[in-house]
Amino acid sequence: GVGIEINRKGCFELCFIRVGGAGVWVCDRRDEVADLQKLAARVTAAMAMPQQQPEMLGFRWPFIENDREDQSRAVALQALRAQWQYLRSQGCEYAVMMGADAALWLPRAGVPGCLLPGSVAEVLQSAGHKRTLWRFLADRASP
């Protein structure tokens, strides 16, 4: 259905957008991807970083709705680790994580980066979150 789904326990979706060469920005609501892309475009322009790659890579858990399949947290983390290994092979070194599900799952899967608790909309409204993001990216941009 349209709108925000109330997730059953253990169900989540993450949206990955490549930003600035070595980074991937992640939010946990598909309806916030456009805002995330706008924020990324503004930040990369201001910091003279390479622009984002427009395509969004989605990660939905469980992959399939099937009660016979193992849908445990351990399997979800294993799948996320595999996704991160793929992104690392593509040159990603860190993630900028926004949203409760991103904050919960990515660090547990061993993904390093900047954790901004709150939705993309909350990050856009918060000078503190923007400062945290700016400092994190500035540290990575300096040689």
Side-chain angles (χ1 to χ4, degrees), residues 1-47 49-126 128-142:
V2 179
I4 300 167
E5 291 176 18
I6 305 301
N7 282 336
R8 294 192 323 273
K9 194 169 163 59
C11 298
F12 63 98
E13 182 173 22
L14 300 176
C15 304
F16 295 77
I17 298 160
R18 287 292 303 271
V19 177
V24 63
W25 290 25
V26 187
C27 68
D28 58 11
R29 289 181 38 194
R30 196 173 277 268
D31 62 344
E32 289 196 326
V33 168
D35 287 337
L36 183 65
Q37 289 171 322
K38 280 186 215 137
L39 175 62
R42 285 204 302 268
V43 170
T44 54
M47 298 188 89
M49 296 166 72
Q51 286 297 306
Q52 71 203 41
Q53 296 172 10
E55 71 277 356
M56 188 268 294
L57 181 62
F59 179 94
R60 181 188 299 264
W61 189 261
F63 293 131
I64 46 173
E65 298 288 339
N66 182 343
D67 292 333
R68 290 191 306 271
E69 298 294 324
D70 186 350
Q71 311 282 10
S72 69
R73 294 172 83 86
V75 176
L77 287 171
Q78 187 178 4
L80 260 182
R81 282 188 201 104
Q83 174 113 339
W84 178 242
Q85 287 307 315
Y86 166 75
L87 288 165
R88 284 195 56 88
S89 77
Q90 302 296 306
C92 281
E93 297 169 13
Y94 63 84
V96 172
M97 307 166 230
M98 298 179 210
D101 284 334
L104 174 73
W105 289 97
L106 291 170
R108 289 184 179 165
V111 177
C114 179
L115 199 55
L116 296 169
S119 65
V120 175
E122 289 166 343
V123 171
L124 286 168
Q125 301 294 313
S126 163
H129 283 330
K130 288 181 191 166
R131 264 194 310 278
T132 299
L133 174 61
W134 195 266
R135 277 199 296 267
F136 175 83
L137 293 172
D139 286 349
R140 268 129 207 93
S142 55

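You'll find the side chain of L39 stays beyond 4.5 Å of the side chain of E32, heavy atoms only. At least one side-chain heavy atom of L137 sits under 4.5 Å from a side-chain heavy atom of Y94. You'll find the side chain of P117 reaches within 4.5 Å of the side chain of H129, heavy atoms only. With contacts defined as side-chain heavy-atom distances shorter than 4.5 Å, the pair L104/D28 does not qualify. Between M56 and L36 there is no side-chain heavy-atom pair separated by less than 4.5 Å.
Across all their heavy atoms, C114 and T132 have their closest contact at SG-CG2, 4.1 Å. In plain terms, the two heavy atoms of R108 and R81 that are nearest each other are O-NH2, 3.6 Å. When all heavy atoms are compared, the tightest approach of A46 to W134 is CB-CH2, 3.6 Å. Looking at every heavy atom in both residues, L80 comes nearest to L14 through CD2-CD1, 3.9 Å.
Taking OG from S126 and CZ from R131, the interatomic distance works out to 7.5 Å, rounded to the nearest 0.5 Å. Here the CD atom belonging to E93 is positioned 7.0 Å from the CZ atom belonging to R88, to the nearest 0.5 angstrom. For the atom pair CE (M47) and CZ (R140), the distance works out to 10.5 Å, reported to the nearest 0.5 Å.
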Below 3.5 Å, can you tabulate the donor-acceptor pairs from side chains in residues 17-27 to any protein atom, sequence neighbours excluded?
unit_1 : atom_1 : unit_2 : atom_2 : d
R18    : NH1    : Q90    : O      : 3.2
R18    : NH2    : G21    : O      : 2.5
R18    : NH2    : Q90    : O      : 3.4

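Looking at T44, its side chain does come within 3.5 Å of a backbone N or O of A41 through a donor-acceptor pair. For the pair Q125 (side chain) and E122 (backbone), a donor-acceptor distance under 3.5 Å is absent.
Here W84 pairs with nothing under the ring-ring contact (aromatic ring centres under 6.0 Å, His included) rule; sequence neighbours left out.
Aromatic ring orientation, F16 versus F59: perpendicular (interplanar angle above 60°, classes split at 30° and 60°).
Taking the ring axis of W61 as reference, the NZ or CZ atom of R73 does not stay both within 45° of it and closer than 6.0 Å to the ring centre.
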